Structure formats: C-alpha cells, structure tokens
Amino acid sequence: MDKSAYIMEASKCVRCGICKSFCPTYDVLRREGGSPRGRLSLVESRFGGEGGFKEAYVRHMKECTLCGACYSNCPNGVNVPELVLAARAEIVEKEGMTFPASFVLKNFLASEKLMPLALRFASKLQGLFFKGAGEECGLLSRFNLPVVGDGRLLPELSERFFLDRKHVKALSTEARREGKGGAAKVAFYAGCGINYFLPDIGEATIRLLKEGGADIIVPQGQVCCGMPAFSAGDRETAKSLAIKNIEAFEETGADFIVTSCATCGHGLKNVFRVLLSTEGPEIRSRVERFVSKVRDITELLTHELPYKGGVKEGNRNLVVTYHDPCHLRRYQGVSEQPRRLLAACGAGFKGLKHPCRCCGLGGGLSLENY
Ligand code: SF4
Ligand code: SF4
C-alpha cells in the first residue's frame with residue numbers, strides 16, 4: 001500500500017473540528033478517537049511510521065460507520081472515510097484478521113454455494129433459536145447465544161430466498177438470452193439483503209420494471225457485492241467478488257444494471273473501480289463499461305424508464321417520509337429521485353429534520369458494537 005497519498009490527504013486537515021458536530025459516533029462516544037479528526041490524526045501518525053499502536057487504534061477505526069457525513073461537511077474536503085478504509089486494509093495486510101472474521105469473509109461470503117446452502121439451513125432452524133421481537137421488526141435470541149449475545153435484534157431470514165424462486169429463475173441469463181423487444185434490457189442485482197432477508201423489495205423491483213416495459217434478467221451467477229469484506233479491510237475477497245459479478249452481468253448484454261440496495265449500488269458504482277484500479281487497461285475498460293450501466297432503481301424509474309404507475313388508489317390519504325441512506329445520498333448523489341417518485345404516486349410527504357442521519361449499520365459497526 002502506498003501510504004504517501006493518504007498522508008497527503010490527512011495533511012489537508014486544519015484541525016478546525018467542524019466535522020465533529022456531524023459525526024454520529026462522536027455524538028455517542030464523546031471522545032476524540034471516536035471523531036473524524038481524531039481518526040485521521042491516528043491514521044496520519046501510523047502511516048507516517050510512528051509505533052505503539054495497539055487495540056485502541058483498531059477499535060477507533062472499527063467504530064466508524066463510514067457514513068461520509070464528515071467528508072460532506074469538511075470545508076477542506078478531507079476524505080476521512082477513505083482514510084479509515086485504508087487504515088482497516090493496512091491492519092488486515094499487516095496483522096491479518098481474527099479467525100471468525102477470516103472464516104466468514106473468505107470461506108462463507110466468497111463462496112457461491114456455501115453461503116446460500118448454510119443460510120437455507122439456518123432459515124429452517126431459526127425458529128428454534130430465535131423468536132419474533134413483538135412490536136419491533138426482527139428476531140431476538142431465545143437463549144444467551146455466543147456471538148449473538150442477549151437483546152440483539154436480528155433480521156429474519158426469508159423462508160424462500162429471492163434468487164431461489166421459480167419465477168425469478170425463469171428470468172436467469174440463460175432463460176432470457178434473447179431480448180423480448182422491450183423498452184430496455186435491464187439486469188437486476190439483488191444483493192444479499194434482498195435475496196436472503198427482504199425478497200419483497202426484489203419482487204416490487206421486478207413489478208416496477210415490468211410496468212416500465214423492460215426486458216428483465218436476473219443472473220443466477222451474481223454473488224455478494226463484497227461491501228462487507230471491503231469495509232472490513234479484506235480487499236482481496238472484495239476484489240474476487242467484484243470480478244465474479246462483472247462476469248455474471250457482462251453475459252447478460254443488458255443496457256442497464258439496476259439495484260434496489262443503496263450499499264450494493266455504492267459498491268457496484270464506486271468500490272469496484274477502486275478495487276480494480278491497479279489492473280491492466282483491458283480489465284479497467286470492462287469495469288468502466290459495467291459501471292456506466294449501473295443505476296439505483298429510483299434513478300432508472302426517474303430517467304431512463306420513467307415510472308408510469310400513476311397515483312395508486314388510497315395513496316392520497318397517506319403521509320410518508322423518507323430516510324436518505326448514506327450510501328445513496330452521499331456516495332451516489334441520489335436524493336431527488338426517490339422524492340420525485342413518492343410525489344408521482346400521489347402520497348403526501350413530510351420530510352425529516354435530519355433525513356440523512358446514519359442508521360448505524362454502515363461499515364460493519366453494529367457487528368461488534370451493537
Ligand atoms: S477533517 Fe475537515 S472538518 Fe474535520 S477537523 Fe479536519 S479540516 Fe476540520
Ligand atoms: S464517516 Fe461518519 S462515523 Fe466515520 S468519522 Fe466520518 S462522520 Fe464519523
């Protein structure tokens with residue numbers, strides 16, 4: 001890793017502290033090491049060759065949600081999340097990962113077969129170990145389980161994963177190689193969240209694409225976008241996943257690659273470029289071609305495949321609000337499109353005071369800091 005570029009980036013900081021008032025982790029932790037300014041000072045010192053960095057350094061880096069609020073509000077444009085990501089990658093490069101993290105990322109997440117198989121099994125057994133959390137969404141453990149602990153809400157695995165559904169398999173690359181002469185050929189990237197936990201979002205996406213007259217393809221060869229590995233500093237795993245996804249989507253010959261997940265969208269549009277930036281010109285041009293086709297569903301339905309659903313029955317009586325995911329608004333610049341779509345379907349809208357306040361799930365923070 002060439003550390004000089006990161007040291008240069010950190011040197012743009014004038015220590016004004018403005019970023020601290022936007023940082024969700026500083027807001028809770030109230031210590032300098034939990035603030036953007038503190039984190040960048042630590043990275044600057046470590047990358048500059050200072051020694052004596054121990055567990056506290058790793059903790060300060062892991063406690064960042066990578067929300068990007070500091071970067072958006074820094075008068076000097078210091079990219080703190082990029083420095084934190086570089087710090088995490090350097091830790092992994094130098095000191096390796098813990099056995100559970102390495103097992104999950106390298107053997108589980110990176111495997112096209114093992115992860116779906118193990119999660120299918122887990123979906124059948126989840127009722128034995130977990131129960132519904134009543135009023136709240138999600139599951140609570142019935143016993144004090146190792147790793148999970150007590151009182152942690154977990155998302156419920158779907159009984160039937162999105163990519164396993166018969167009508168979704170009928171949209172696979174093989175089944176849809178020939179275009180059907182629709183308005184556009186659109187390949188859908190579901191991602192792990194939609195595939196395993198929230199398949200209704202996948203179903204709604206397919207429905208909207210159909211309404212727009214698209215030829216839809218859902219490649220069965222798609223794998224995790226690699227964001228959990230990238231955020232944890234395991235760039236090797238993230239890179240291998242990026243390549244598998246690019247290959248799976250190139251085969252479709254689609255005009256657009258659409259996702260309904262903000263984090264996957266950021267991965268596909270921005271992180272793949274970073275991961276493959278040191279490859280030769282042929283790979284880099286394939287990455288650029290891939291990236292140029294990626295759209296968040298709200299972008300596609302606002303621009304290339306305009307939403308034609310009109311005002312739905314009963315929507316006029318609804319009042320909705322909208323939370324901007326950090327990965328959509330800050331990393332992809334998509335914020336107007338979802339609001340326009342909400343207006344187009346006739347619902348009343350009431351904005352939030354802080355529409356882009358981090359949900360706390362970013363950067364793997366909640367795994368170790370529930
Ligand atoms: S990162 Fe930016 S906002 Fe934060 S202390 Fe440095 S210059 Fe100020
Ligand atoms: S990315 Fe978010 S959590 Fe991390 S230092 Fe910046 S504001 Fe804080």
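Just so we're clear, the structure is a prediction, and the values are computed from it rather than from any experiment. Hydrogens, waters and symmetry mates are skipped; everything else that's a heavy atom, side chains included, is used. Counting starts at 1 for both ligands and their atoms, in listed order.
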Inset, instruction - Please find out if atom 6 (Fe) of ligand 2 and some N, O or S atom of C64 are separated by less than 2.8 Å. - result: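 Within the cut-off used here (under 2.8 Å), C64 places no N, O or S atom near atom 6 (Fe) of ligand 2.
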
With the side chain counted from C-beta on, respond yes when [X] and [Y] share a heavy-atom pair under 4.5 Å apart, and no when they do not.
X    : Y    : value
R15  : L40  : yes
L29  : E63  : yes
V287 : E279 : no
V43  : R46  : no

May I ask you to identify the nearest protein heavy atom to [atom], giving residue, atom name and distance to one decimal place in Å?
atom                    : answer
atom 6 (Fe) of ligand 1 : C13 SG, 2.4 Å
atom 4 (Fe) of ligand 1 : C19 SG, 2.3 Å
atom 7 (S) of ligand 1  : V14 N, 3.5 Å
atom 5 (S) of ligand 1  : G17 N, 3.1 Å
atom 8 (Fe) of ligand 1 : C16 SG, 2.3 Å
atom 2 (Fe) of ligand 2 : C67 SG, 2.3 Å
atom 3 (S) of ligand 2  : T65 N, 3.4 Å

Inset, instruction - Run the numbers for me: atoms of ligand 2, each under 4.0 Å from some heavy atom of P36, listed by number. - result: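 Heavy-atom distances to P36 below 4.0 Å select 5 (S).
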
Inset, instruction - Using a strict cut-off of 4.0 Å, indicate which atoms of ligand 2 neighbour a heavy atom of G68. - result: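 Per the distance check, 1 (S), 2 (Fe).
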
Legend entry - cation_pi(K3, F47) dist<6.0 Å, angle<=45: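 Ring-cation test returns yes.
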
Legend entry - Ring centres under 6.0 angstrom apart (F349, Y322):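 No; Y322 has its ring centre 6.0 Å or more from that of F349.
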
Legend entry - Within the 6.0 Å centroid threshold, strictly below: F188 and F162: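 Ring centroids of F188 and F162 are less than 6.0 Å from each other.
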
Region of [X] engaging ligand 1 - heavy atom pairs below 4.0 Å:
X   : value
P75 : side chain
L40 : side chain
R15 : backbone

Legend entry - D27 bridged to R357 by N-O distance under 4.0 Å: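 Here D27 does not pair with R357 in a salt bridge, since their nearest N and O are not under 4.0 Å apart.
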
Inset, instruction - Run the numbers for me: atoms of ligand 1, each under 4.0 Å from some heavy atom of R37, listed by number. - result: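 Heavy-atom distances to R37 below 4.0 Å select 5 (S).
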
Legend entry - ligand 2 contact on L66 by region, counting heavy-atom pairs under 4.0 Å: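 The part of L66 near ligand 2 is the backbone, not the side chain.
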
Legend entry - Matching residue for K244 among E112, E251, E250 - test: salt bridge (Lys or Arg N to Asp or Glu O under 4.0 Å):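 When E112, E251, E250 are each tested with K244, the salt bridge (Lys or Arg N to Asp or Glu O under 4.0 Å) holds only for E112.
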
Legend entry - Between S260 and T205: side-chain donor-acceptor atoms closer than 3.5 Å: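 Short answer, yes.
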
